[in-house]
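By convention here, the first residue in the shown sequence is residue 1. When a ligand or atom number is given, it counts from 1 through the structure's own listing order. Computed from heavy atoms alone, side chains included, the values below leave out hydrogens, waters and symmetry copies.
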Amino acid sequence: MPILELGFLLQGFVFPTPYSWSSCGSALSRSGYESACKDFVPHDLEVQVPGRVFLVTGGNSGIGKATALEIAKRGGTVHLVCRDQARAEDARDEIIRESSNQNIFLHIVDLSDPKQIWKFVENFKQEHKLHVLINNAGCMVNKRELTEDGLEKNFAANTLGVYILMTGLIPVLEKEHDPRVITVSSGGMLAQKLNTNDLQSERTPFDGTMVYAQNKRQQVVLTERWAQGHLAIHFSSMHPGWADTPGVRQAMPGFHARFRDRLRSEAQGADTVLWLALSSAAAAQPSGRFFQDRKPVSTHLPLARTSSSPAEEEKLIEILEQLAQTFK
Ligand SMILES: NC(=O)c1ccc[n+]([C@@H]2O[C@H](COP(=O)([O-])OP(=O)(O)OC[C@H]3O[C@@H](n4cnc5c(N)ncnc54)[C@H](OP(=O)(O)O)[C@@H]3O)[C@@H](O)[C@H]2O)c1
């Protein structure tokens, strides 16, 4: 059995909750979404947002593209931040065609390359305003691979990249009315307690699933800390449920083959991202929380002992800040 699948099944075994795949038939699958939908307030997403500016990372694919398209249909200006020019252009053209919204802009940035992110932020600040940042891009690289800067690839894109983008764009967001930051995390993070001892897997055996889950835990912790430190901005993190996307097909082929009939569509995976980005109901929720199907949910499983101390959380931020500055 591939290690990825094993990791998810073990997670389900250790934590027999809605987050395990064995019970995914309910909460996190397509049928779970359909059932959760019954409680949704339909007019929450019946909004038009001309004049509001959104930045969606990884907006060329999967949940990110579905999110960008729905924002475009509602008249928002969308900046897509993607790493591959051709894939990004195809996505932009499709979004423009399907939404008839011309205000879709492309920025080619590899989010695992800190120098590129800093440069992008500096240029973006000069030329654009921003109301909503959607940290959607994410990866699960299954072998320990390094970027040209010597950074472990999952950590570079999922944690350090998100940290630098967020840090750089705070001043831009703070200038606007109702600024928001949404980070697409994963329920997989419930299997992990924040661990700052080996952020780049230099000293521990490498398990891509668990490294990804640790990165997603780090995103949730960062979201909570940012919410405490930047009161003018509304922060949230979320789990999209298990959705059938190119990312899942590529990183978890066994898992996908086995469960594809029960996975959510990309649009269903994007629903809570959109709700957090667009609705006034989301802005009325306290900042810093973790959402699933438009509801705040716990970031810890019962008895899992995954809570981190303030000192550990500060250590994460110190390490990221120090590392981020070396690439400025
Ligand atoms: N689908 C699920 O069931 C599920 C469940 C929980 C959480 N999530 C999270 O949802 C988010 C979206 O994933 P998805 O499922 O929609 O997969 P996806 O279709 O593969 O989308 C991921 C996006 O991130 C981009 N990306 C990855 N690394 C990047 C980098 N270094 N620089 C710039 N862009 C980068 C990808 O670009 P390329 O197209 O160039 O590769 C792609 O656009 C991720 O954060 C993922 O962890 C998904």
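Below 30°, between 30° and 60°, or above 60°: for Phe290 and His239 the angle between ring planes is below 30°, a parallel geometry.
Closest to atom 14 (P) of ligand 1, if we only count protein heavy atoms, is Thr245 OG1, 3.4 Å. Looking only at heavy atoms of the protein, atom 10 (O) of ligand 1 is closest to Val184 CG1, 3.2 Å. Among all non-hydrogen protein atoms, the one lying nearest atom 19 (O) of ligand 1 is Ser61 OG, 2.5 Å. Among all protein heavy atoms, the one lying closest to atom 39 (O) of ligand 1 is Asn60 ND2, 2.8 Å. Looking at atom 16 (O) of ligand 1, its nearest protein heavy atom turns out to be Ile63 N, 2.8 Å. At the shortest separation from atom 41 (O) of ligand 1 among protein heavy atoms lies Arg83 NH2, 2.7 Å. Protein heavy atom nearest atom 40 (O) of ligand 1, with residue, atom name and distance: Arg87 NH2, 2.6 Å. Protein heavy atom closest to atom 34 (N) of ligand 1, with residue, atom name and distance, is Ala137 CB, 3.8 Å.
Defined by atom type and a distance below 3.5 Å, a donor-acceptor pair is present between the side-chain atoms of Thr196 and Glu312. Side-chain atoms of Gln322 and Glu318 form no donor-acceptor pair, as typed in the model, at a separation below 3.5 Å. Neither side chain, Asp178 nor His234, offers a donor N or O lying under 3.5 Å from an acceptor on the other. No side-chain N or O of Ser201 forms a donor-acceptor pair with one of Glu152 less than 3.5 Å apart. Side-chain contact annotation: Ser185 with Thr183, donor-acceptor N/O pair under 3.5 Å absent.
Ligand-side atoms of ligand 1 in range of Ser112: 31 (N), range being under 4.0 angstrom from any heavy atom. In the vicinity of Gly62, heavy-atom distances shorter than 4.0 Å reach the ligand 1 atoms 16 (O), 19 (O). The Tyr212 neighbourhood of ligand 1 comprises atoms 6 (C), 7 (C), 8 (N), 9 (C), 46 (C), 47 (O), with distances under 4.0 Å to a heavy atom of that residue. Of all the atoms in ligand 1, the ones that sit under 4.0 Å from a non-hydrogen atom of Val248 are 1 (N), 2 (C), 3 (O). Every atom of ligand 1 is numbered from 1 in the order shown, and the set under 4.0 Å from a heavy atom of Pro240 is 4 (C), 5 (C), 6 (C), 7 (C), 8 (N), 48 (C). Every atom of ligand 1 with a heavy atom of Gly58 under 4.0 Å away is listed here by number and element: 23 (C), 24 (O), 25 (C), 43 (O).
In this structure, Asp149 pairs ionically with Lys115, as a charged nitrogen and a carboxylate oxygen lie closer than 4.0 Å. With salt bridges taken as basic N to acidic carboxylate O contacts below 4.0 Å, none links Lys73 and Glu98. We find that Arg30 and Glu34 are not joined by a salt bridge, their nearest charged nitrogen and carboxylate oxygen being 4.0 Å or further apart.
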With side-chain contact (heavy atoms from CB on, under 4.5 Å) as the criterion, how do Thr299 and Met189 come out once you've worked through the C-alpha distance, each side chain's angles and the decisive distance to 0.1 Å? CA-CA 8 Å; Thr299 55; Met189 66 90 194; 4.1 Å; yes
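Ligand 1 has no atom lying under 4.0 Å from any heavy atom of Ala66. Within the 4.0 Å heavy-atom shell around ligand 1 one does not find Lys65. In this structure, Val109 counts as a contact residue of ligand 1, since one of its heavy atoms falls inside 4.0 Å of the ligand. Heavy atoms of Gly241 approach ligand 1 to within less than 4.0 angstrom. Heavy-atom distances between Pro246 and ligand 1 reach below 4.0 Å in at least one pair.
Atoms CG and CD1, from Asp244 and Ile63 in turn, are 10.5 Å apart once rounded to the nearest 0.5 Å. How far CD of Gln85 is from CD1 of Ile108: 4.0 Å, rounded to the nearest 0.5 Å. A distance of 7.5 Å separates CG in Leu69 from CD in Glu94, rounded to the nearest 0.5 Å. If you take CG on Asn136 and NZ on Lys65, they are separated by 12.5 Å, rounding to the nearest 0.5 Å.
Contacts of Glu266 with ligand 1, taken as heavy-atom pairs under 4.0 Å, are absent altogether. Of the heavy atoms in Ala156, none comes closer than 4.0 Å to ligand 1. Under 4.0 Å from ligand 1, heavy atoms of Leu111 appear from its side chain as well as its backbone.
Annotation: Ser186 places no N or O atom under 3.5 Å from an N or O atom of ligand 1; distance criterion only. Residue His239 has no nitrogen or oxygen atom sitting less than 3.5 Å from a nitrogen or oxygen atom of ligand 1, judged on distance alone. Residue Gly247 has at least one N or O atom closer than 3.5 Å to an N or O atom of ligand 1. Close N/O approach between Cys82 and ligand 1 is not found [any backbone or side-chain N/O within under 3.5 Å]. Polar contact with ligand 1: absent for Ala157 (N/O pair, distance under 3.5 Å). Looking at Gly59 next to ligand 1, no N or O pair under 3.5 Å apart turns up.
Both the sub-6.0 Å distance and the 45° axial angle are satisfied by Arg294 relative to the ring of Phe40.
Counting protein heavy atoms under 4.0 angstrom from atom 45 (O) of ligand 1 gives one or more.
Residues Ile96 and Leu80 are members of one and the same hydrophobic cluster, defined by side-chain heavy-atom contacts under 4.5 angstrom among Ile, Leu, Val, Met, Phe, Trp and Tyr.
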